[in-house]
There are 2 protein chains.
Amino acid sequence: MRRPRIKDVAEYAGVSAKTVSNVLNDYEHVSEQTRAAVREAIDALGYRVNIAGRQLRRGRTGMIALAVPDLDIAYFAELARHVMAETERLGSTTLLLETGGRREKELAAVRGFDTQFTDGVILSPLALQPRDLAGRDTRLPLVLLGECNPPGSADHVAIDNVTAAREATEHLLSRGRRRIAVIGGDLRGQRNTSGLRTIGYQEALTAAGLSLPDDLVLAVPEFRWADGATAARSLMRLPERPDALLCLNDHLALGAVRALHEDGWSVPQDVDVVGFDDIEATRFSIPTITTVAPDKPGIARRAVQLLLERIDAGVPGGPAVDETAGHRLIVRESSGG
Amino acid sequence: MRRPRIKDVAEYAGVSAKTVSNVLNDYEHVSEQTRAAVREAIDALGYRVNIAGRQLRRGRTGMIALAVPDLDIAYFAELARHVMAETERLGSTTLLLETGGRREKELAAVRGFDTQFTDGVILSPLALQPRDLAGRDTRLPLVLLGECNPPGSADHVAIDNVTAAREATEHLLSRGRRRIAVIGGDLRGQRNTSGLRTIGYQEALTAAGLSLPDDLVLAVPEFRWADGATAARSLMRLPERPDALLCLNDHLALGAVRALHEDGWSVPQDVDVVGFDDIEATRFSIPTITTVAPDKPGIARRAVQLLLERIDAGVPGGPAVDETAGHRLIVRESSGG
DNA sequence: GCTCCCATTTACATCGATGTAATCGTGTGG
DNA sequence: CCACACGATTACATCGATGTAAATGGGAGC
């Protein structure tokens, strides 16, 4: 028994296929009587629209893609939930994909994944280079989360990373910390998340009249627990050890805290630790972690709205929009709170 | 400028549309020369297949849905990664969806989400009742992860939860623990994950000649940090407090450890804590958490393979398959390791 | 030189839903 | 009583890709 088609419903209800379609799409000029008959036929046959047929005709899938580096990073999992909730609220479906932070995958996302089953893409890039967006096919709406784009090339939503990092650093300075290290930092002046946060950190140090110790800014291969642990260990072995660790995400912070614990340092007595993202674990770890909490629901909401507006607007699209979402520092045990 | 269609490629290359299609699908009887010309045309025009057209014709989307309760639960995020990796390896795409553990959403998953843009569904159910599967439309292949199904109604992959829980309990008994509580347990004899693990726990106690103290088996509203913390607190206030907590997932265990810490108990000196799932956090928390590690890659691989086999086999489908994946207990600091 | 074979290529129909434009039918105003 | 308006309904073409079956054309065999 094949799946019923719109035509089967039409025959069952004794009307034309187009009338069934009209009922399905809430077209206004359908009599109550016909509408009821069609509904009944739909129920009786267990009919469900074939999205391929619909899309072929309409040119839209009603699906958007959300591509994040890694769902193991709780921040992305939490963000994804908010995005899915928002798209669902607005009647779309989210196709969630992982890039692994690999450039080729991020490029695929920008291009719409080779097949065009997606009306638009929300991408949280890591490896993407500004030039990767240069010649992109603007028929596919794209919203970037976080930084890493040349202004004007695509819509983008992010928190004010410079300010956020500056505030976090100021918090540590206000506690008397002077040797503040950055785990996951980037001194090359990149306009990506790491780079901007490092700039904020430097601003705070400079404003406090401190020198910029570049042996305290440490890049990491990934932003996971293990990387935080490794980085913390190597920093604590410096001739002049840090008295605070500004970790550019919470996983790094949690890994750092674990390594410090294993090596006999206590947090926050010996070292303060601050993270970014406010993932749920930071509220239950021992100690709890001070962190910069981005407005995740706000980021998700704006990203989805921007994308759907672009999709609704159709092909061309005006100038790219930059949206700044809110953030706040939540002080917890790992820095004395 | 519209997106190029197969016809545009055909004209550009000076061949018929079908020949282009043949090239796209690696049909063997196409001359090298023609193939090269078509490839060139594809590149020149930036052509990409329209998946809607293809699906309409082929009747398949090449997409499967994976529906999990909650991506905030790290186990599901980790599992999702493995499923996505496996489907990608086999040339399919995963549509990842959250059910929130709500029955209506799980039912929607079983039905294929009202639109049929998915060739099959992998569902990790929480609220689903056995009868929900009774009259289901078997044209849509379905693989269940974890328990909660009447035998024979759908394929399913899970670890041996009874044995796993028994082993974990035996481990605690072997450490001299006698008042072992279960957080997230279920005494109603349900055949879901909680119920089966509770049975394993009871088996171990009985085998050790201990009575079954039902004040130590505590259900929780959700399986999150906060629930573990709340449950641990209330258990430790019992007249006769437990000396070990068997937590049915790692988030509960982590939350419990935090609550114990706040209330001045030390783990594992005063209380042992064991979790389930082996999420990454348990390897870096303070203390690290003893946990039952399910073979996540194995579960994902079998689930995807089963599903794709069903999809390839076409409509009917033989008897439901039950697959058991491996697990092992990893002893860490929270129970003395 | 003529068949026949087979590799290659193509015309056409089709998948299911929907936009367009035409048709049907009832009711209203003159 | 007719013309006309307008709500309801329908026939038909179309979206893009591909399966079917048939056409094309070059070479081998006799």
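Numbered from 1 within each chain, the chains take letters A, B, ... in sequence-line order. Since the model is a prediction, treat every value here as computed from it, not as a measurement.
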[Y] side chain reached by [X] side chain, heavy atoms, under 4.5 Å:
{"X": "Leu97(A)", "Y": "Thr93(B)", "value": "yes"}
{"X": "Leu71(A)", "Y": "Met84(B)", "value": "yes"}
{"X": "Asp70(B)", "Y": "Arg224(B)", "value": "yes"}

Using a cut-off of strictly less than 4.0 Å between a heavy atom of the residue and any atom of DNA chain D, enumerate the qualifying residues of residues 18-27 of chain A by number. Lys18(A), Thr19(A), Asn22(A), Tyr27(A)
For Arg58(B), enumerate each residue passing the side chain to side chain donor-acceptor pair (under 3.5 Å) test, keeping only those at least two apart in sequence or located in another chain. Asn25(B)
I need the Asn50(A) CG to Gln55(B) CD distance, nearest 0.5 Å. 5.5 Å
In Å, rounded to the nearest 0.5 Å, how long is the span from CG of Leu144(B) to CG of Asp155(B)? 8.5 Å
Lys/Arg N to Asp/Glu carboxylate O, Glu78(B) vs Arg81(B), below 4.0 Å: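 No salt bridge links Glu78(B) with Arg81(B).
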Hey, where on DNA chain C does chain A first and last touch, going 5' to 3'? Cut-off is any atom under 4.0 Å from a heavy atom.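 Taking any atom under 4.0 Å from a heavy atom of chain A, the span is dG16(C) to dT20(C).
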Contact summary for [X] and [Y], nearest pair of heavy atoms:
{"X": "Pro69(B)", "Y": "Thr99(B)", "answer": "CA-OG1, 3.2 Å"}
{"X": "Pro297(A)", "Y": "His82(A)", "answer": "CG-NE2, 3.7 Å"}
{"X": "Leu308(A)", "Y": "Ser92(A)", "answer": "CD2-OG, 3.8 Å"}
{"X": "Ala127(A)", "Y": "Gly101(A)", "answer": "CB-O, 3.2 Å"}

Is there a donor-acceptor pair closer than 3.5 Å between any side-chain N or O of [X] and the backbone N or O of [Y]?
{"X": "Glu86(A)", "Y": "Ala300(A)", "answer": "no"}
{"X": "Arg60(B)", "Y": "Ile311(B)", "answer": "yes"}
{"X": "Asp119(A)", "Y": "Gly62(A)", "answer": "yes"}

Using a heavy-atom distance cut-off of less than 4.0 Å, which residues of residues 29-42 of chain B contact DNA chain C? His29(B), Val30(B), Ser31(B), Thr34(B)
Which of residues 7-17 of chain B sit near DNA chain C, with a heavy atom under 4.0 Å from it?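 The answer is Val15(B), Ser16(B).
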The helix from dG1(C)-dC30(D) to dG30(C)-dC1(D): angle between its terminal axes, five pairs each, to 10°? 50°
Salt bridge (Lys or Arg N to Asp or Glu O under 4.0 Å) between Glu106(A) and Arg103(A), intermediate numbers included: CA-CA 5 Å; Glu106(A) 295 183 355; Arg103(A) 176 137 169 262; over 6 Å; no
